[in-house]
Amino acid sequence: MTIHEFLQTIGIDSTVLAAGGAGGIMRALSRRRFKIREMVASPICGALASAYLTLPTMHYIRASGWPLPAEPQPVLLASAFLIGTCA
């Protein structure tokens, strides 16, 4: 079983996980003072937060009536990146 198959088994999209981790990396690199603990924890927290909060965010965006493109994948990944950055 690969990591991708394992993540799908537990209900996590690997692209969302990667986008959230990238958001966490961006947040860690944008700080004025670098701390090793923050450099390690930010991508992990960003990836986990985006893995569990992106789908509810997408449902909220749809329910609020915001216009979405026909293919929701770019919006999904952008939402995951922003959630990862905030986390």
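Nothing here was measured: the structure is a model prediction, and the numbers come from that model.
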To the nearest 0.5 Å, how far apart are [atom1] in [X] and [atom2] in [Y]?
{"X": "Leu82", "Y": "Met26", "atom1": "CG", "atom2": "CE", "value": "8.0 Å"}
{"X": "Ser14", "Y": "Phe6", "atom1": "OG", "atom2": "CZ", "value": "13.0 Å"}
{"X": "Trp66", "Y": "Leu68", "atom1": "CH2", "atom2": "CG", "value": "9.5 Å"}
{"X": "Leu77", "Y": "Thr54", "atom1": "CG", "atom2": "OG1", "value": "8.5 Å"}
{"X": "Ser50", "Y": "Leu76", "atom1": "OG", "atom2": "CG", "value": "9.5 Å"}
{"X": "Gln8", "Y": "Met1", "atom1": "CD", "atom2": "CE", "value": "10.0 Å"}

Kindly give the heavy-atom pair with the smallest separation between [X] and [Y], and that separation in Å.
{"X": "Pro43", "Y": "Ile25", "result": "CG-CG1, 3.5 Å"}
{"X": "Leu17", "Y": "Ala47", "result": "CD1-O, 3.4 Å"}
{"X": "Gly24", "Y": "Ser42", "result": "O-CB, 3.4 Å"}
{"X": "Gly46", "Y": "Ala87", "result": "CA-CB, 4.0 Å"}

[X], [Y]: one ILVMFWY side-chain cluster at the under-4.5 Å cut-off?
{"X": "Ile83", "Y": "Met58", "answer": "no"}
{"X": "Val40", "Y": "Leu48", "answer": "yes"}
{"X": "Ile12", "Y": "Leu53", "answer": "no"}

**Item:** Neighbour count above 12 (heavy atom, 6.0 Å) for Ile3 CD1
**Value:** no
**Asked** Is it true that atom CD1 of Ile36 has more than 12 heavy atoms of other residues, nucleotides or ligands lying nearer than 6.0 Å?
**Response** no
**Presence of salt bridge, Arg27 and Glu38, under 4.0 angstrom** =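 Between Arg27 and Glu38 there is a salt bridge, with a charged N closer than 4.0 Å to a carboxylate O.
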**Request:** State, with a plain yes or no, whether a side-chain heavy atom of Ile61 is found less than 4.5 Å away from one of Ser79.
**Result:** yes
